[in-house]
Visitor: 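Below: one structure in structure tokens.
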Amino acid sequence: MPLLQRFKHINLKISTLTLIFIVLTLTTVLWSLSFHDPASPYFLLLKVASLPKKPCACKRCISELGLSPWFDERFNQSLSPLMTKNNSVLPEDVYRWWLRLQSEKKPADFNEVIKKLFEIVPGQDIYMDWGASRCRKCAVVGNSGNLKGSNYGAEIDLNDFVLRMNHAPTIGYEKDVGSKTTHHFMYPESAKDLQNSTILVLVPFKTLDLQWITSALTTGTIKQTYFRVLSRIKADKDKVQIYSPQFFKYVYDNWVENHGRYPSTGMLTLMFAIHICDEVNLYGFGADSNGDWHHYWENNRLAGAFRHTGVHDADFEYNVTMLLAENGKINMFR
Ligand SMILES: *[C@@H]1O[C@H](CO)[C@@H](O)[C@H](O)[C@H]1NC(C)=O
Ligand SMILES: *[C@@H]1O[C@H](CO)[C@@H](O)[C@H](O)[C@H]1NC(C)=O
Ligand SMILES: *[C@@H]1O[C@H](CO)[C@@H](O)[C@H](O)[C@H]1NC(C)=O
Ligand SMILES: *[C@@H]1O[C@H](CO)[C@@H](O)[C@H](O)[C@H]1NC(C)=O
């Protein structure tokens, strides 16, 4: 190639490169500028890419923040609803508050009681497993007479977890309340035998309750609290869980706002579900269509006297469940 031609060729190459460089620079500058222009498609792209990821795999997630200031102000996902080997040392204020719940005369040494308890039951935390791939649907089934004739049974059983409390029977009531129970919440005075597949969640109101569950799963020596209780209980001890006193106080402070002496088992169970599930369906809370408060397995309307026992504030608690539903956090079935 003659020298001049070669030179031209190189020159052409250089100018092509320069052109490409200039075009790239310009595009980049324009591109980055347009990210700040709300009318530009780049702006939209950036916005979508920077949206927070959904915290679960359900259509809606309870733990998604930013949808309800009322909820966000109260909700604390970092608290475990369970007392475990890892968190059984209670903060002093929690312990003192919890001791006053039922004013036990001479409580046994808490640390000793816990040590014995966790020799019998696992004391592991298995619920801090939330994440973008989990969609855990839960039914919390209260004991209200409004379940009678509801036909909710099949729907309730479709949930991953079905949480019940106290005496709640299912046999003979399957059509309305379902037959599945994954978690049964109780204390010594409301205890009943369970199937092996059901997790017993002990709600402790006093030190003796923690001693009772240890005893009821082993020696059966404790037969009495403030009245006669089951000395032995049928339940899989490897599945027993203990409701955390710290979480108990959190429910009282943040959710029930210190109304009543302490929250009802229903409220404690609902809050447990809200912290371990991604979707919560609530059944059997509140009065029946006649405005009566009684249990679905009782005909006696006078049994409804439990509403104003002075221990719980049923009206305030009911308002909290209504607000949870209005804020799109739970589905309430009546
Ligand atoms: C949530 O609970 C933890 C543990 O008690 C506490 O350290 C934290 O401050 C709480 N967060 C909020 C926002 O209250
Ligand atoms: C206690 O916490 C440690 C560290 O956070 C963890 O490795 C361990 O598995 C936990 N133990 C239980 C019983 O939850
Ligand atoms: C429940 O578990 C106990 C103890 O492991 C066992 O003896 C019993 O057969 C089980 N019952 C059923 C119905 O599986
Ligand atoms: C519950 O909500 C109703 C309606 O907003 C209100 O009138 C009532 O005072 C509330 N009850 C309690 C105990 O806060």
Side-chain angles (χ1 to χ4, degrees), residues 52 55-56 61-101 110 114 123-131 142 144 146 203-204 241-268 270-278 280 282 284-293 304-334:
C56 81
C61 313
I62 290 175
S63 63
E64 184 164 356
L65 299 179
L67 303 176
S68 157
W70 171 81
F71 181 84
D72 295 356
E73 231 169 70
R74 290 160 177 78
F75 184 65
N76 188 342
Q77 197 170 25
S78 67
L79 278 172
S80 170
L82 293 181
M83 180 158 75
T84 64
K85 283 176 184 164
N86 265 1
N87 69 9
S88 64
V89 178
L90 303 179
E92 187 60 30
D93 64 320
V94 172
Y95 181 60
R96 266 187 281 119
W97 174 83
W98 180 77
L99 268 189
R100 281 200 308 271
L101 289 184
F110 188 78
I114 292 299
Q124 308 280 347
D125 208 318
I126 55 174
Y127 297 126
M128 306 303 262
D129 61 345
W130 18 265
S144 166
N146 70 18
V203 183
Q241 297 174 352
I242 313 293
Y243 202 98
S244 155
Q246 184 163 10
F247 193 80
F248 198 142
K249 184 170 189 299
Y250 153 76
V251 173
Y252 186 61
D253 290 341
N254 285 29
W255 294 97
V256 182
E257 297 176 35
N258 304 118
H259 285 79
R261 285 252 319 280
Y262 45 79
S264 67
T265 318
M267 196 65 194
L268 291 169
L270 173 58
M271 283 304 155
F272 187 97
I274 281 180
H275 288 72
I276 69 161
C277 306
D278 301 305
V280 169
L282 186 65
F285 272 60
D288 68 11
S289 54
N290 296 318
D292 293 321
W293 296 66
F306 71 82
R307 185 190 188 186
H308 290 292
T309 54
V311 177
H312 317 306
D313 188 334
D315 291 331
F316 192 83
E317 288 191 358
Y318 191 67
N319 278 7
V320 174
T321 62
M322 294 290 286
L323 280 169
L324 284 167
E326 281 167 20
N327 282 274
K329 294 299 180 180
I330 64 172
N331 304 310
M332 208 164 162
F333 296 86
R334 273 168 296 178

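Order of listing sets the numbers, starting from 1, for every ligand and every atom in it.
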Visitor: Distance-only, no hydrogens or angles: does the Tyr250 side chain make a donor-acceptor pair with backbone N or O of Arg74 under 3.5 Å?
Guide: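 Confirmed, Tyr250 side chain pairs with Arg74 backbone.
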Visitor: Which of the atoms of ligand 4 are close to Asn319, meaning less than 4.0 Å from one of its heavy atoms?
Guide: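 Answer, ordered by atom number: 1 (C), 2 (O), 3 (C), 8 (C), 10 (C), 11 (N), 12 (C), 14 (O).
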Visitor: Collect the protein residues that have a non-hydrogen atom under 4.0 Å from ligand 1 and hand them over in chain and number order.
Guide: Asn76, Ser78, Leu79, Gln246
Visitor: Tell me the closest heavy-atom pair linking Leu82 and Phe272, and the distance in Å.
Guide: CD2-CE1, 3.6 Å
Visitor: Nearest 0.5 Å please: distance from the CD1 atom of Ile274 over to the CZ atom of Phe71.
Guide: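 Ile274 atom CD1 to Phe71 atom CZ measures 6.0 Å (nearest 0.5 Å).
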Visitor: Quick one: are the ring centres of Phe75 and Trp70 less than 6.0 Å apart?
Guide: no
Visitor: With respect to Trp98, which candidate in Tyr262, Tyr252, Phe110, Phe247 satisfies the ring-ring contact (aromatic ring centres under 6.0 Å, His included) definition?
Guide: Phe110
Visitor: Look up atom CZ in Phe316 and atom OG1 in Thr321, then write down how far apart they are to the nearest 0.5 Å.
Guide: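 The OG1 atom of Thr321 is 11.0 Å from CZ of Phe316, to the nearest 0.5 Å.
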